[in-house]
Amino acid sequence: MVQPTTLGEFIVENQRDFPFATGELSQLLTSIRLAAKVVNREINKAGLADILGAMGSENVQGEAQQKLDIMANDTFMRALRSMGQVCGVASEEEEHFVAFDDDIHSDARYVVLMDPLDGSSNIDVNVSVGTIFSIYRRTTPAESAVELKDFLQPGDAQIAAGYVVYGSSTMLVYTTGNGVNGFTLDPSIGVFCLSHPDMQIPQDGKIYSVNEGNYVHFPEGVKRYIKYCQEFDKATNRPYTSRYIGSLVSDFHRNLIKGGVYLYPTGTMAPKGKLRLLYECNPLAFIVEQAGGMATDGTRRIMEIAPDELHQRVPCFIGSPRMVETAHAFLRKYEN
Ligand code: AHG
Ligand code: MN
Ligand code: MN
């Protein structure tokens with residue numbers, strides 16, 4: 001039997017492609033893959049242990065925190081803190097960034113931003129959830145205190161980004177700017193194996209993913225685009241199929257493989273959109289562009305947006321480039 005390439009081997013083999021090939025990023029990715037396995041184990045037994053349900057607390061954005069949100073946040077924080085490459089982490093579950101300012105981190109050069117558990121409102125009903133992460137070089141000098149501006153960098157400055165989908169199988173997908181590769185966890189040996197080398201998103205697709213419950217609140221251009229997706233037209237293969245899990249990582253992962261577009265526009269209920277620029281949109285934008293796709297806020301590339309605050313929200317149109325472009329055409333035509 002041919003031995004599959006493991007994630008550990010892949011990281012080491014591809015280290016030389018990385019512009020600052022010192023091995024630090026490889027070690028950082030090692031911390032992430034270990035934390036992903038721990039979170040996967042906890043999620044898998046979620047129905048057995050008393051770890052389902054709400055925590056009774058809210059995060060800084062006023063959203064109910066699930067027990068597993070806290071578990072995933074703590075697990076990734078601990079794993080990242082245990083090694084010396086990271087000087088600070090910003091998390092969707094924490095109001096402020098967390099500075100790692102003890103001795104072993106004194107010359108750490110990276111910051112990590114993460115959504116430790118994405119789609120967590122789905123966890124009680126056994127629907128796939130995920131983790132999203134984004135890695136930058138700090139902009140302030142090593143050996144000084146990490147600052148907010150180290151975290152408020154545009155997505156184009158990302159060094160690496162990835163996600164884990166805890167699904168019917170668990171996968172870790174990441175990029176360091178040299179394409180996108182996906183690894184499936186073999187639970188019998190506890191190892192991620194290369195299963196999806198050089199992932200490419202189809203240029204066009206048949207799936208649109210949006211929370212249509214918000215339809216009446218969407219801008220006119222989005223409403224018209226949704227109607228366009230639903231109309232019959234043999235030449236353009238319509239109507240399209242609507243698929244919406246409500247777990248961004250799962251919806252994104254499906255569309256990356258099958259071709260499709262995911263929309264989270266503005267609307268009266270979410271005047272700036274719902275998705276978070278730093279923890280959700282930028283990392284997935286980096287991945288989709290590396291796979292040949294597009295990610296915008298309706299006009300601008302997501303990764304060009306200069307962030308003003310950690311928990312900033314943006315509208316997001318992400319997926320197969322022809323579908324994103326068609327959505328743009330509707331937005332331009334029905335600007336309001
Ligand atoms: P999180 O669980 O990290 O707060 O993210 C939830 C996000 C995302 O996963 C999903 O696509 C979106 O919220 C769904 O929002 P709606 O329920 O408004 O459709
Ligand atoms: Mn999320
Ligand atoms: Mn989350």
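What you see is a predicted model; the values in this text were computed from it and never measured. Both ligands and their constituent atoms are indexed starting at 1 by order of listing.
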Got a salt bridge between Arg137 and Asp150, using NZ or NE/NH1/NH2 to carboxylate O under 4.0 Å?
-> no
Within less than 2.8 Å of the Mn ion (ligand 3), any N, O or S from Leu117?
-> yes
Contacting atoms of ligand 1, where contact means under 4.0 angstrom from a heavy atom of Arg276 | 1 (P), 4 (O), 5 (O)
Short N/O/S contact of Asp115 with the Mn ion (ligand 3) (below 2.8 Å) | yes
Determine, for Glu304 against Arg300, whether the closest basic-nitrogen to carboxylate-oxygen distance falls under 4.0 angstrom.
-> no
Test log, rule side chain to side chain contact (heavy atoms under 4.5 Å, CB included), inputs Val261 and Ile318 = CA-CA 6 Å; Val261 65; Ile318 186 165; over 6 Å; no
Nitrogen or oxygen atoms of Ser121 and ligand 1 under 3.5 Å apart = no
Got a sec: is Glu92 within less than 2.8 Å of the Mn ion (ligand 3) via an N/O/S atom?
-> yes
Hey, is Leu117 touching ligand 1 through its side chain, its backbone, both or neither, going by heavy atoms under 4.0 Å?
-> backbone
Should the proximity of Glu212 to ligand 1, defined as any heavy atom under 4.0 Å, be assigned to the side chain, the backbone, both, or neither?
-> neither
Note: Asp118, heavy atoms under 4.0 Å from ligand 1, region reported as both
Which bit of Ser247 gets closer than 4.0 Å to ligand 1, counting heavy atoms only: side chain, backbone, both or neither?
-> backbone
For ligand 1, is there an atom lying under 4.0 Å from some heavy atom of Tyr279?
-> no
Before accepting this row, confirm whether a basic side-chain N of the pair Glu231/Lys227 lies closer than 4.0 Å to the acidic partner's carboxylate O.
-> no
If you draw the axis of the six-membered ring of Phe232, does the NZ or CZ of Arg238 fall within 45° of it and under 6.0 Å from the ring centre?
-> no
Atoms of ligand 1, numbered as shown, that sit under 4.0 Å from any heavy atom of Ser120 | 2 (O)
Assess whether atom NZ of Lys258 is packed by more than 12 heavy atoms of other residues, nucleotides or ligands within 6.0 Å.
-> no
Hey, is Tyr262 touching ligand 1 through its side chain, its backbone, both or neither, going by heavy atoms under 4.0 Å?
-> side chain
Drop me the distance from Thr175's OG1 to Gln290's CD, to the nearest 0.5 angstrom.
-> 4.0 Å
What does the angle at the Mn ion (ligand 2) come to, between atom OD1 of Asp118 and atom OE2 of Glu280, rounded to 10°?
-> 110°
May I ask you to decide whether Glu335 forms a salt bridge with Arg332, counting only side-chain N to carboxylate O separations under 4.0 Å?
-> no
Note: Leu248, heavy atoms under 4.0 Å from ligand 1, region reported as both
Polar proximity ligand 1 side, Asp115 side, N/O cut 3.5 Å exclusive = yes
Spacing of CD belonging to Gln15 relative to CG belonging to Leu25, to within rounding of 0.5 Å | 8.0 Å
Under 4.0 Å from any heavy atom of Glu280, which atoms of ligand 1 are there?
-> 3 (O), 5 (O)
Quick one: which ligand 1 atoms are inside 4.0 Å of a heavy atom on Gly119?
-> 1 (P), 2 (O), 3 (O), 5 (O), 9 (O)
Arg138/Glu147 salt bridge by N-O under 4.0 Å criterion | no
Within 45° cone of Tyr334 ring axis and under 6.0 Å: Arg224 NZ or CZ = yes
